[in-house]
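Right, one structure below, let's go through it.
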Amino acid sequence: MKPQIAIIDYGMGNLRSVEKALQRVGAEAGVIDSPEAAAGAKGLVLPGVGAFGQAMERLSEAGFDQLVKEWVTADRPFLGICLGLQLLFTESEEFGPVRGLNLVPGRVVRFRGPQYERQGDSPGLKVPHMGWNRLKVVRDHPVVNGISEDAMAYFVHSYYCVPDGADWTTVVTDHGMEFTSAVSRGNVFASQFHPEKSGDVGLQMLTNFVHLVDAPA
Amino acid sequence: MLAKRIICCLDVDRGRVVKCIKFLDPRDAGDPVELARRYNAEGVDELTFYDITASHEARNIMLEVAARTAEEVFIPFTVGGGIRTIDDFRAVLKTGADKVSINTAALKRPEMITEAAERFGSQCVILSMDAKRRTDASPDYPKWECYINGGRVPTDVDVVEWAQRGEGLGAGEIVLNSIDADGTMAGYDVQLCRAVADAVSIPVIASGGAGKPEHLHAALTEGRCEAALVASIAHFSTHPIAEIKSYLAERRVPIRPTAFPP
């Protein structure tokens, strides 16, 4: 049987945790390695860790770039995680600039500035931004329903997304300055943090996503 | 602002958690996945499985433990112990584990840190070191020496220098085990924590000696560590994770709030 939620495998990182977490919250989730295998799926997940440029190449080689563009443009239930958020943007400066999927206007840039550098006795903030950090929900979306004000999620990244304008930004997080940690529009949601590694908070968001897949807006 | 982390460490021998009291008398403490689930429910931020299995044939049991954990516990976890090759790294990460810690193998062949970091990313390469105070150094200017093979064999390598070199080679984090403090439950070696944390830019995780919430507070403030590893203090439930977190939160240490207050 075709998975109801298809997780794109394009060779960028391990997908087992994402798959198991979605299954844990009741989804029929499975990994797909070709765009054709997404036929019949009602939700699409784009995960990924690693370098932006290599990820774009692999997405294109497998034809997943077209699938994601069509899916997101058609406003079908979509979840991007980590690199799967960044790839939606116009371009990234990581070993680049490298062109992204250009579904969300904006750029992906590296954490930089004096706050990340050693200053005398103080080592400065760490890059990569790795660990648990707070989520500030700035706009309602079904996926962040029920996420409390002091909720934290798990992050691992050195680059962050800067959308043009404020209409996509849904969650912000502070690491030396406030950055967009999740974007959304309609049935599309994508986060810099890893819901599959964020304990109960993450499972709540995945549950919300599964509901969205069952009953899209 | 990033939260300071509390990491629970489980020593695993042939698929069972064991707890040792003062290095002796290993006792069966249960199924690792069961315990992982319990600590997750109590609000621990991360888990580490340390494989102390002596026989090589039994190594695959650890991979099964990691794979089962990834099915049931949705917080980051590390696997360490007996990691020797890039293939070992790959096998561990394939289970859904987030990080791999290396110790003896890295001291024997430091390039392995770089190879693993280039292949899998620095964020999943944890350099673990077993540190012992040099008895010939003055207490005002203490020095620590790295030990290998489970803390049994001295190497003459200076801990602070090795930490800096490890960072340069691509390690993403350092776990700092104090051999002197380990198992005493009398507190971390805060001087050691501070010496290493001030010398590197990557996160340092204090390990060995936690017996009271105050000890974690000292490592995370004075010791400048980003995380503190606990074992006995949690296994014996003398101070549940939630109690430790409340203690830290009351003293304005940034921590991840637990779902269930104590």
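The structure presented is a predicted model; accordingly, all values stated were derived computationally and were not measured. By convention in this document, chain letters (A, B, ...) are assigned in the order of the sequence lines, proteins followed by strands, and residues within each chain are numbered from 1.
- Residue contact with chain A, scored on non-hydrogen atoms closer than 4.5 Å, involves the side chain of B/E173 exclusively.
- A donor-acceptor contact shorter than 3.5 Å is absent between the side chain of A/D174 and the backbone of B/M1.
- For B/L93, the part lying near chain A is the backbone, with the side chain staying farther off; criterion is any non-hydrogen pair under 4.5 Å.
- Of the possible donor and acceptor atoms, none in the side chain of A/S17 sits under 3.5 Å from a partner among the backbone N and O of B/A70.
- Across A/E19, A/R118, A/H194, the residue that shares the most heavy-atom pairs under 4.5 angstrom with chain B is A/R118.
- Chain A forms more heavy-atom pairs under 4.5 Å with one residue of B/A3, B/A97, B/S122 than with any other, namely B/A3.
- Put simply, of B/I255, B/V73, B/D98, B/V200, the one with the most heavy-atom pairs under 4.5 Å next to chain A is B/D98.
- Interface remark: of the candidates B/E226, B/E72, B/K4, B/E72 forms the most heavy-atom pairs closer than 4.5 Å to chain A.
- Residue B/G96 comes nearest to A/N14 through the heavy atom pair CA-OD1, 3.9 Å, listed as atom of the first residue, atom of the second, then distance.
- Ionic pairing of A/R24 and B/E71 is not present here: no N-O contact between side-chain nitrogen and carboxylate oxygen is shorter than 4.0 angstrom.
- Within a 6.0 Å sphere centred on CD of A/E149, other residues, nucleotides and ligands contribute 12 heavy atoms or fewer.
- Annotation: ring pair (Phe, Tyr, Trp, His ring centres under 6.0 Å) contacts of B/Y247 (sequence neighbours excluded): none.
- Per-residue counts of heavy-atom pairs under 4.5 Å with chain A were compared for B/D45, B/I202, B/L2; the largest is that of B/L2.
- Residues of residues 125-144 of chain A having a heavy atom under 4.5 Å from any heavy atom of chain B, listed by number: A/K126, A/H129, A/M130, A/G131, A/W132, A/N133.
- Remark: the backbone N or O of A/Y154 is not paired with any side-chain donor or acceptor of B/R256 at under 3.5 angstrom.
- For B/T95, there are no side-chain hydrogen bond (donor to acceptor under 3.5 Å, both in side chains) partners two or more places apart in sequence or in a different chain.
- Neither the backbone nor the side chain of B/A227 comes within contact range of chain A, judged by heavy atoms closer than 4.5 Å.
- Residue B/R5 touches chain A through its side chain alone, counting heavy-atom pairs closer than 4.5 Å.
- Along residues 201-208 of chain A, the residues that come nearer than 4.5 angstrom to chain B, judged on non-hydrogen atoms, are A/L203 in order of number.
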